[in-house]
Amino acid sequence: MQRLDKVLSEAGVASRRELKGIIRAGRVTVNGQAARTPEQKVDAAADTILVDGQPITRPGVVVLMLHKPAGYVTSTEDPRDPTVMELIPEPYRAMGLSPVGRLDKETEGLLLLTNDGALLHRLISPKHRVSKVYEAEHDGESTVADVEAFQQGIVLRDGDICLPAELTPLGPGKSRIVLHEGKYHQVRRMMASRGLYVRYLKRVAEGPLELGNLPKGGCRVLKEEEILQL
């Protein structure tokens, strides 16, 4: 936990002296409630802090969207396999970027990387219910019973309980899955618990962002407005 005025100062909102007046004027909210004092303790990684209704950002924050191909591990380094960092343009490799969550080695699709620790934790925390959308090809055909099971919250074979999720059948051997958390190999394990063994998996959206037509192996820097949406 940090002082509110320290967090705002580091975000470049204003000087600590100026922030006293800004906070006392009611221009700053924390989780929807007007901040009380500059000394108020906040969690920059978990709390939603707005100034004049706008989220705070920090100078130097970089967020990349990568279209991860199969065959790469989601890690900053690995002694055996190529990592997603090898797909990032050279100038960005020295910026302290870390993957936001994980896609397993054979899963493709949207992967975010950032040097903003607060944003990273906000996106991966189940508390904030950031949606992650996947398209899967699998054995068999998903049914109404499978849809209902996902809605209730799948209990995995090891006893791990998943939050309620959305399963949409897309025809024989194809389904769309929406999660709000990111357990180890979660989509594959949830589908396997219903006898729907995944053969191909791709993440196509996260929160308000869609993969769109970004080519496989390609990446792009998110615009400021996209970061604010996150």
Side-chain angles (χ1 to χ4, degrees), residues 2 7 10-12 43-49 54-136 163 177-188 198 200-230:
Q2 295 176 284
V7 172
E10 291 177 349
D43 183 344
D47 293 332
T48 300
I49 303 171
Q54 297 298 316
I56 63 172
T57 58
R58 288 195 296 237
V61 168
V62 175
V63 185
L64 298 183
M65 179 192 294
L66 171 70
H67 186 163
K68 177 191 173 297
Y72 290 81
V73 295
T74 305
S75 176
T76 54
E77 58 183 25
D78 190 277
R80 295 168 297 181
D81 296 307
T83 75
V84 293
M85 302 307 295
E86 297 175 33
L87 300 168
I88 303 302
E90 188 65 40
Y92 294 100
R93 296 185 190 179
M95 292 185 176
L97 299 175
S98 296
V100 178
R102 290 183 178 273
L103 292 179
D104 66 60
K105 182 178 177 181
E106 298 309 318
T107 297
E108 300 183 348
L110 191 159
L111 178 68
L112 298 177
L113 300 99
T114 185
N115 59 357
D116 186 338
L119 176 61
L120 187 152
H121 290 296
R122 185 184 302 274
L123 291 173
I124 65 176
S125 171
K127 170 184 175 181
H128 294 285
R129 295 188 60 80
V130 177
S131 62
K132 302 168 183 67
V133 184
Y134 298 82
E135 292 179 352
L163 292 175
I177 302 101
V178 181
L179 306 183
H180 297 93
E181 56 182 339
K183 299 180 186 294
Y184 177 73
H185 286 182
Q186 185 170 351
V187 174
R188 296 180 187 274
V198 172
Y200 172 78
L201 188 61
K202 180 179 182 179
R203 182 155 68 193
V204 297
E206 180 166 358
L209 301 176
E210 295 184 356
L211 184 61
N213 59 3
L214 186 66
K216 191 179 299 185
C219 70
R220 68 175 182 86
V221 180
L222 293 193
K223 300 174 183 177
E224 182 68 20
E225 55 266 31
E226 292 177 309
I227 298 176
L228 291 176
Q229 286 175 359
L230 289 173

Using only atom types and a distance under 3.5 Å, with no angle test, would you say the side chain of E181 pairs donor to acceptor with the backbone of L163? yes

I88 side, atom CD1; L113 side, atom CG - distance, nearest 0.5 Å: 5.0 Å

Does the side chain of I227 come within less than 4.5 Å of D116's, by heavy atoms? no

To the nearest 0.5 Å, what is the distance between CZ on R203 and CG on L112? 7.0 Å

In short, L201 meets A136 closest at the heavy-atom pair CD1-CB, 3.8 Å

Name every donor-acceptor pair, under 3.5 Å, that has one atom in a side chain of residues 95-105 and the other anywhere in the protein, sequence neighbours excluded.
residue, atom, partner, partner atom, Å
R102, NH1, T74, O, 2.2
D104, OD1, E106, N, 3.0
D104, OD1, T107, N, 3.0
D104, OD1, T107, OG1, 2.9
D104, OD2, T107, OG1, 2.9
D104, OD2, R188, NE, 2.9
K105, NZ, D81, OD1, 3.0

When L211 is tested against each of L111, L110, V133 for side-chain contact (heavy atoms from CB on, under 4.5 Å), which residue passes? L110

Distance col, row N115:CG vs L64:CG, nearest 0.5 angstrom, shows 9.0 Å

Please identify which of these residues, K68, K202, K216, meets the side-chain hydrogen bond (donor to acceptor under 3.5 Å, both in side chains) condition with E108. K216

Gap between atom CG of L230 and atom CZ of R122 - 0.5 Å precision: 10.0 Å

Any donor-acceptor pair under 3.5 Å linking the side chain of T114 with the backbone of V62? yes

Looking at H67 and L214, would you say the former's side chain and the latter's main chain have a donor-acceptor pair under 3.5 Å? yes

Identify the heavy atoms of P82 and G71 that sit nearest to each other, and give their distance. CG-O, 3.5 Å

One pair to check against side-chain contact (heavy atoms from CB on, under 4.5 Å): R220 and E226. What are the steps and the verdict? CA-CA 12 Å; R220 68 175 182 86; E226 292 177 309; 2.9 Å; yes

For R129, enumerate each residue passing the salt bridge (Lys or Arg N to Asp or Glu O under 4.0 Å) test, keeping only those at least two apart in sequence or located in another chain. none

CE (M65) and NZ (K223) are apart, to the nearest 0.5 Å, by 11.0 Å

OH on Y92 to CG on L66, rounded to 0.5 Å: 13.0 Å

Give a yes or no on this: more than 12 heavy atoms of other residues, nucleotides or ligands lie within 6.0 Å of atom OH of Y134. yes

Greater than 12 external heavy atoms within 6.0 Å of E210's CD: no

Is the number of heavy atoms from other residues, nucleotides or ligands within 6.0 Å of CD (E225) greater than 12? yes

Closest non-hydrogen contact found for V84 with S75 is CG2-O, 3.9 Å

